[in-house]
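Residue indices begin at 1 and follow the sequence shown. The figures that follow rest on heavy atoms only: side chains count, while hydrogens, waters and symmetry mates do not.
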Amino acid sequence: MSNRPGGAFAVTHISGEVSIDAPVEEVFDLVADERNEPRYNPRIVRAEKLSEGPVGSGTRFVAEPRGMGARGRMTLEVVEYGRPHRLHHVVRSSYLHVDGSLSFEEVDGGTRLRWDWDMVLVGPWRVMSPVLALVGPGWERRNWVGLKQYIESGRA
């Protein structure tokens, strides 16, 4: 964890990877459309697309985390859409800002998914930044392991 200039916000950097036994295009397409996240991430109860047209750069979504209701709503914007190898997202909510990328690499007929996020708690939540640094990596790993289990189970 490091401080941004001025020390106003503590940034938590989270990265990791998981291998998924599925073609890179399938994994990318499932992840790129945020509406799929409730299928593999039990912390997200609902997600909808806000913008018109196909998913690509500039597409915006809104997602609702479990237990937070409307006050926890997060907006997600696809900043970079490099199918099937790279996604760059910016996520904003009343308590959290995230800027990061996902990369998808074909390996042995499957996909290596890597995540690389900078997360900042905002407002009164800032005081919880040390906790985010401790629990955030595990939460994020569970999310992508959930994706792996979902795809490999044949439900995708």
Side-chain angles (χ1 to χ4, degrees), residues 1 4 8-22 26-81 83-84 86-104 111-156:
M1 182 168 62
R4 288 186 177 210
F9 299 103
V11 176
T12 299
H13 183 82
I14 296 175
S15 61
E17 67 179 52
V18 66
S19 294
I20 300 171
D21 188 20
E26 178 184 343
V27 177
F28 181 94
D29 290 344
L30 189 76
V31 172
D33 190 337
E34 178 67 16
R35 294 173 292 187
N36 293 316
E37 189 166 357
R39 296 178 185 177
Y40 59 85
N41 182 353
R43 290 182 325 210
I44 301 296
V45 294
R46 188 176 62 78
E48 53 187 74
K49 191 166 169 266
L50 298 175
S51 50
E52 298 294 322
V55 175
S57 293
T59 301
R60 294 180 62 240
F61 298 91
V62 64
E64 185 179 312
R66 182 171 305 288
M68 301 224 29
R71 76 180 190 282
R73 289 173 56 123
M74 302 180 294
T75 59
L76 179 145
E77 181 175 350
V78 178
V79 177
E80 180 185 342
Y81 181 87
R83 186 180 190 272
R86 182 171 159 78
L87 285 170
H88 178 180
H89 290 149
V90 173
V91 180
R92 298 286 182 257
S93 75
S94 63
Y95 61 93
L96 178 70
H97 293 177
V98 179
D99 188 332
S101 62
L102 298 164
S103 64
F104 304 79
T111 302
R112 179 179 297 126
L113 168 62
R114 290 187 172 124
W115 57 92
D116 189 23
W117 305 117
D118 285 327
M119 300 178 155
V120 177
L121 290 169
V122 296
W125 293 92
R126 282 190 310 233
V127 298
M128 299 300 291
S129 294
V131 175
L132 178 62
L134 290 173
V135 300
W139 283 350
E140 199 63 23
R141 177 146 193 83
R142 278 191 296 279
N143 179 35
W144 301 115
V145 167
L147 172 71
K148 172 185 174 68
Q149 293 168 341
Y150 176 75
I151 290 176
E152 291 179 357
S153 73
R155 291 180 286 176

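- Here the closest non-hydrogen pair linking R73 and R46 is NH1-NH2, 3.3 Å.
- Rounding to the nearest 0.5 angstrom, the gap separating the CG atom in L30 from the CD1 atom in I151 is 5.0 Å.
- In this structure, S93 contributes its side chain and Y95 its backbone to a donor-acceptor pair below 3.5 Å.
- Looking at S103 and R114, their side chains come closer than 4.5 Å, going by heavy atoms from C-beta outward.
- Distance CG/L134 to CE/M128: 10.0 Å, rounded to 0.5 Å.
- Shortest non-hydrogen contact noted between T12 and A133 is CG2-CA, 3.6 Å.
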Step-by-step side chain to side chain contact (heavy atoms under 4.5 Å, CB included) determination, N41 to R142: CA-CA 8 Å; N41 182 353; R142 278 191 296 279; over 6 Å; no
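- Heavy atoms of other residues, nucleotides or ligands lying less than 6.0 angstrom from CZ of R60 number 12 at most.
- The aromatic rings of F104 and F28 stand perpendicular to each other, their planes meeting at an angle above 60°, with 30° marking the opposite boundary.
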V78 vs E34, side chain to side chain contact (heavy atoms under 4.5 Å, CB included): CA-CA, chis, key distance, verdict: CA-CA 10 Å; V78 178; E34 178 67 16; over 6 Å; no
Audit row: H97, D118, side chain to side chain contact (heavy atoms under 4.5 Å, CB included) steps and yes/no: CA-CA 8 Å; H97 293 177; D118 285 327; over 6 Å; no
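- Salt bridge R83/D29: present, at least one basic N to carboxylate O contact under 4.0 Å.
- Contact detail for F61 and K49: the closest heavy-atom pair is CD2-CA, 3.6 Å.
- For the pair S57 (side chain) and Y81 (backbone), a donor-acceptor distance under 3.5 Å is present.
- Side-chain contact check for W115 and E140: no donor-acceptor pair (N or O, by modelled atom type) lies under 3.5 Å.
- Scanning both residues, S19 and E152, for their nearest heavy atoms gives O-OE2, 4.1 Å.
- With rounding to the nearest 0.5 Å, the separation of CD in E37 from CZ in R43 is 7.5 Å.
- Taking 4.5 Å as the limit, every side-chain heavy atom of K148 sits out of range of all side-chain heavy atoms of D21.
- Smallest separation of non-hydrogen atoms from L132 and P137: O-CD, 3.9 Å.
- Side-chain atoms of S101 and R86, non-hydrogen and from C-beta on, do get closer than 4.5 Å to each other.
- Across all their heavy atoms, P38 and A47 have their closest contact at CG-N, 4.0 Å.
- Using a 4.5 Å cut-off on side-chain heavy atoms (C-beta onward), V98 and H89 make no contact.
- The shortest distance between side-chain heavy atoms of R126 and V120 does not fall below 4.5 Å.
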Evaluation steps, side chain to side chain contact (heavy atoms under 4.5 Å, CB included), between W144 and I20: CA-CA 9 Å; W144 301 115; I20 300 171; over 6 Å; no
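- Distance OG1/T59 to CD/E52: 10.5 Å, rounded to 0.5 Å.
- Of the inter-residue distances, the one linking I44 atom CD1 with N143 atom CG reads 7.5 Å to the nearest 0.5 angstrom.
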